Protein chains: 2
Amino acid sequence: MPKVIDHDERREHIVDVTWGLIMGGGLEAATMREIATAAGFANGALKRYFPSKDVLVEATFERALSMMHKHISAAVADQSGLEALRVMCYGAMPLDTKRITAGRVLLAFWEMSLSNKRLHDRYVEHLKAWRGLMHEHIKRARAADEIKTAIPDEQLVDEIVLINAGANIMSLVGPKFSTRKLQKQHLDTFFARIVQP
Amino acid sequence: MPKVIDHDERREHIVDVTWGLIMGGGLEAATMREIATAAGFANGALKRYFPSKDVLVEATFERALSMMHKHISAAVADQSGLEALRVMCYGAMPLDTKRITAGRVLLAFWEMSLSNKRLHDRYVEHLKAWRGLMHEHIKRARAADEIKTAIPDEQLVDEIVLINAGANIMSLVGPKFSTRKLQKQHLDTFFARIVQP
DNA sequence: CTGATTTGTCTACGTTTGTAGTGTATCTGC
DNA sequence: GCAGATACACTACAAACGTAGACAAATCAG
């Protein structure tokens with residue numbers, strides 16, 4: 001028996017490195033050679049852990065989605081209704097450096113998913129789950145009379161999604177205009193608004 | 001004297017073709033060979049009109065911005081204040097196929113501008129002009145007592161920008177969820193809101 | 001018709017890409 | 001300590017990229 005290696009751990013590390021490279025210079029910067037070097041390997045070494053670049057990219061994509069999912073789940077915790085919705089919204093916004101650079105990865109994946117059906121389907125699935133969760137919390141908040149606006153649930157959910165996607169973009173391309181303070185204010189105003197008739 | 005050619009017209013045509021290719025498959029699909037073929041030329045023919053790919057891409061980028069600028073200017077026309085703002089907002093939203101696919105190009109440029117200082121500066125300039133124009137109209141609308149909300153102008157402008165950017169993204173990656181109807185409703189609700197105290 | 005000049009084609013070159021193949025070093029179980 | 005399997009480095013290769021240069025074709029002035 002040869003050297004024993006935790007393959008899953010190695011894969012995690014390689015995905016970490018790929019993530020970092022995309023953060024720094026987009027997908028363009030994430031070449032197999034560059035990833036291998038940054039991970040401390042030589043040219044062809046990644047092949048043992050990811051059969052092809054597509055698979056590696058897909059794994060990195062998956063990481064982005066599961067990271068967001070975990071971040072939201074952890075924030076929501078045992079809360080429910082309006083407070084859960086609030087925590088979800090603030091948690092998904094690019095309000096610190098880590099989440100802003102994560103938006104860089106998201107941007108790359110948005111573009112890639114437009115020419116890769118597998119990735120696109122996966123993202124639609126994620127979107128469906130995310131929106132479904134928000135619907136759930138809004139429903140409960142309405143039942144508890146925490147939300148009183150006449151605006152339909154579907155519109156509320158969509159508004160959050162658009163604000164969030166827009167904030168991710170603008171934090172990258174125009175952070176001087178769309179400041180964190182403003183982005184927080186959007187959510188503040190939004191929540192102040194929906195608790196009223 | 002040889003064949004006489006309108007160079008500007010040729011450049012427009014080449015930019016058209018580049019635009020179309022980016023629409024279809026992102027920047028990845030817009031190779032010099034592909035552009036030349038789609039424009040009806042052979043491999044190296046573009047060199048007479050664009051010295052390098054960077055220049056061609058920059059010209060296409062410029063087209064995207066000026067297209068939006070023209071679209072807005074034409075819509076606003078001689079109007080002013082609230083009505084001008086309203087027309088601007090609806091005009092910039094991806095509410096038809098043409099504007100949705102234009103969002104595809106915008107997405108490509110957002111990503112590219114993150115690793116190209118020239119393009120980034122140009123986009124920031126555009127953003128500044130766009131936001132400035134909205135500020136102008138909001139100011140006049142307030143003077144005419146058309147807008148009564150206590151929300152600061154800067155926040156109103158930023159909200160429009162985020163909704164717009166988000167709508168552009170979601171029209172591409174999740175049109176099943178973020179429908180045109182919903183996107184229109186966001187603006188309807190927004191304008192119904194700001195005319196009240 | 002002739003000739004100068006631009007236009008566009010074609011070929012080629014140097015890079016960079018993803019990936020396959022080969023060999024060597026390394027480590028574990030016996 | 002030995003044998004066998006694994007891990008990684010290294011080289012190589014085909015494909016695709018942007019771009020440069022040489023050549024042929026086309027066109028208008030005279």
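Chain A is the first sequence line, chain B the second, and so forth, proteins listed ahead of strands; every chain is numbered from 1. Note that the structure is predicted; figures quoted are calculated from it, not measured.
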Using atom types as modelled, flag every donor-acceptor pair under 3.5 Å from a side chain in residues 28-53 of chain A to any protein atom, sequence neighbours excluded.
unit_1	atom_1	unit_2	atom_2	d
A:Thr31	OG1	A:Glu34	N	3.1
A:Thr37	OG1	A:Arg33	O	2.8
A:Ser52	OG	A:Asp54	N	3.4
A:Lys53	NZ	A:Ala30	O	3.0

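Taking atom CD1 of A:Ile14 as the reference point, atom P of D:dA7 lies 12 Å away to the nearest angstrom.
Taking only side-chain nitrogens and oxygens, A:His7 never comes nearer than 4.0 Å to OP1 or OP2 of D:dT6.
Here A:His126 and A:Tyr123 bring their ring centres to under 6.0 angstrom of each other.
For the segment residues 20-36 of chain B, residues with any heavy atom less than 4.0 angstrom from an atom of DNA chain C are, sorted by number, B:Arg33. Within residues 41-62 of chain B, the residues having any heavy atom under 4.0 Å from DNA chain C are, by residue number, B:Phe41, B:Ala42, B:Asn43, B:Gly44, B:Ala45, B:Arg48, B:Tyr49.
Of all the heavy atoms in B:Lys184 and B:Leu95, the pair that sits closest is CG-CD1, 4.2 Å. B:Ser113 approaches B:His120 most closely through the heavy-atom pair O-CB, 3.1 Å.
Judged purely by distance below 3.5 Å, without hydrogens or angles, the side chains of A:Gln183 and A:Ser171 pair a donor atom with an acceptor atom. A:Gln79 and A:His137 form no side-chain donor-acceptor contact under 3.5 Å, judged by distance and modelled atom types alone. Checking A:Gln196 against A:Thr149 by side-chain atom types alone, no donor-acceptor pair falls below 3.5 Å.
For the pair A:Glu159 and A:Arg193, the salt-bridge criterion is met [side-chain N within less than 4.0 Å of a carboxylate O].
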